[in-house]
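Here's the structure, in structure tokens; my notes come after.
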Amino acid sequence: MEGNGSDTLNVAVIGAGPAGYYTAEALTGGHDTVHVDIIDRLPTPFGLIRAGVAPDHQSIKNVSRRYEATNNRSNVRFVGNLSLGRDITLAELMELYDSVVLATGAAKDRPLGIEGEDLKGIIGSGPFVGWYNAHPDYKDLNPDLRVATVAVIGNGNVAIDVARVLAKTAEEMAGSDLADHAARPIHGSPIRDIYVLGRRGPLEASFTPNELREMNELEHCVALVDPAQLPDPALDPALTGAAKKNMPVLRLMAANRPDSKPVRLHLSFYLRPMAVLGDKCVCGLRLEKTRVDDGCCVGTGATEVLPVGLIVPCIGYRTSPIPDVPYDERYGRFKNTEGRIRDRLYCVGWAKRGPTGTIGTNKPDGLEVAEKILAEVHPQGREGRHGLDRIVRERDLHIVTFRDWKKIEAAEEAAACGGAPRRKITDVEEMVKLAESR
Ligand code: NAP
């Protein structure tokens, strides 16, 4: 769509993940006079759909077709390989656009805050998931998987994803887009025991029933639960929510035999990490036994040591701060009131709420913030995308458009083999070269 008349509302959305796309969809649906540029530091769109959703959960990734339909609107544009802070400042974007929406997600790991956290062999879920999902930032992570025992800390879906990807065989991963550089060490690893550690109990776990069920259906890995950690079965009828559906699965796991498959997945509850042990590399994890009082985790003082060679904390994320944007340290997100940070500056998704909710949660969230913007911000005849194009030319920036991205996508699909949907390219320069090819 051409034209940047004084009636055009120019919006820049920073971050091309689900939150950014749902916001763009809501802003432009039925509003021809709203122009949205979705800017991302990577040359690839779709954020966590590409680099966060597990490689063996391809059906979840199909939602990207909806984002593609949004991108096909004439008033929506993807501007990839343009980094806020490196290539352009927030102040410049605020000058060019009537409104800026931060949809930057939560890319940093929440720290465990315990002794030994910096030892080699402890790798947060951000880098670890990014590595097996071929995120360019983590392509060289090269974790040492030549270990017998792994501890995955946390009882959320990310912990389940990590444990499952480590436990599945190459055959079970066929049809996934697991990064080549991760497939080799994972499938060649001698891992025999994977501990998924919850600091509270099975009733408080935040993993969802479908994800838990999958863990009881693995070819080479048996899921185990200590029956003594499950509540009295007489209480099951009174359970609600996810716990109601999780409990029958956990009871099945409690009846599994440890020697029935070569790899064991231990779902261990009531243990909280106290210290990571080791000299230069991780060799163990000191844990305190806990109990749950009124939903809260309370230490008992009793400790035990779990000998492990690799620890992957999956305990949540934090949004990366941006200079001059107020930040809520407690929740690891931007300070905002229902998405509004200050005049003309908004946030959506994990940058607004903190790292909770599924992909679908971003839809109502994006709609709410889009409606707020449409009600509160009025066109001021700003340059919008024409101004951005000018800066891109002046600074000789190599941006990637949606059409360029389709070339990268085609190359990835053409390189796929063995039933994989794509073979992801991990090198940004290679992607940009492809994007600029004819
Ligand atoms: P999450 O669901 O919030 O789980 C975080 C886990 O870490 C909780 O069990 C929490 O325990 C634990 N934890 C936090 N701090 C800890 C500490 N210091 N020591 C020990 N344990 C600690 O977060 P997530 O797994 O990162 O997932 C983020 C969001 O993405 C969730 O909404 C999730 O459902 C979603 N997601 C969905 C899928 C899917 O649908 N397949 C896949 C991946 C992620 P407490 O409960 O005791 O705080």
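Each ligand, and each atom within it, is numbered from 1 in the order the structure gives. Reckoned from all heavy atoms, side chains included, excluding hydrogens, waters and symmetry mates.
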Item to check | Backbone or side-chain N or O of S206 under 3.5 Å from ligand 1 N or O | outcome: yes
Checklist entry - How does I153 reach ligand 1, if at all, at less than 4.0 Å between non-hydrogen atoms: by side chain, backbone, both, or neither? => result side chain
Next on the checklist: Can you see whether S206 engages N157 through a side-chain donor-acceptor pair at a distance of less than 3.5 angstrom?
Outcome noted: no
Item to check | Qualifying salt bridge (charged side-chain N to carboxylate O under 4.0 Å, His left out) pairs with a residue from residues 236-255, counting only residues at least two apart or across chains | outcome: D236-R251
Item to check | Under-4.0 Å heavy-atom contact with ligand 1, by part of A205 that carries it | outcome: neither
Item to check | N62 and S59: side chain donor to acceptor below 3.5 Å | outcome: no
Checklist entry - Quick one: do the N256 and N216 side chains pair a donor with an acceptor below 3.5 Å? => result yes
Item to check | Residue, atom name and distance, where the atom is the protein heavy atom closest to atom 25 (O) of ligand 1 | outcome: V158 N, 3.1 Å
Checklist outcome for this item: Heavy-atom proximity to atom 13 (N) of ligand 1, picking from N157, V162, I315, points to I315
Next on the checklist: Ignoring hydrogens and geometry beyond distance, is a side-chain donor-acceptor pair present between Y317 and S125 at under 3.5 Å?
Outcome noted: yes
Item to check | Polar atom proximity, N155 to ligand 1 (N or O, under 3.5 Å) | outcome: yes
Checklist entry - Which option out of R164, R272, R200 puts a heavy atom nearest to atom 46 (O) of ligand 1? => result R200
Next on the checklist: Is it the case that ligand 1 has an N or O less than 3.5 angstrom from some N or O of G357?
Outcome noted: yes
Checklist entry - Relative to atom 14 (C) of ligand 1, which among E211, R199, E214 owns the nearest non-hydrogen atom? => result R199
Item to check | Side chains of E376 and Y346, donor plus acceptor under 3.5 Å | outcome: yes
Next on the checklist: Looking at D56 and R164, is any side-chain nitrogen of the basic one under 4.0 Å from a carboxylate oxygen of the acidic one?
Outcome noted: yes
Next on the checklist: For the residue pair N155 / E204, report whether a side-chain donor-acceptor contact shorter than 3.5 Å exists.
Outcome noted: no
Checklist entry - Going by the atom numbers of ligand 1, which of them fall below 4.0 Å from some non-hydrogen atom of P355? => result 28 (C), 29 (C)
Checklist entry - Which is closest to atom 43 (C) of ligand 1 by heavy-atom distance: D161, I359, T356, T290? => result D161
Checklist entry - ligand 1 and W350, any nitrogen or oxygen pair closer than 3.5 angstrom? => result no
Next on the checklist: Quick check on atom 27 (O) of ligand 1 - does any protein heavy atom sit closer than 4.0 Å to it?
Outcome noted: yes
Checklist entry - If you measure from each non-hydrogen atom of T208 to ligand 1, which part falls under 4.0 Å: side chain, backbone, both or neither? => result neither
Checklist entry - Nearest heavy atom to atom 12 (C) of ligand 1: which of G126, P273, G154 does it belong to? => result G154
Checklist entry - Do any N or O atoms from the side chain of D98 and from the backbone of N10 form a donor-acceptor pair under 3.5 angstrom? => result yes
Checklist entry - With no hydrogens and no angle check, do the side chains of R403 and N71 hold a donor and an acceptor under 3.5 Å apart? => result no
Checklist entry - Considering only heavy atoms of C314, which atoms of ligand 1 have at least one such atom less than 4.0 Å away? => result 5 (C), 6 (C), 7 (O)
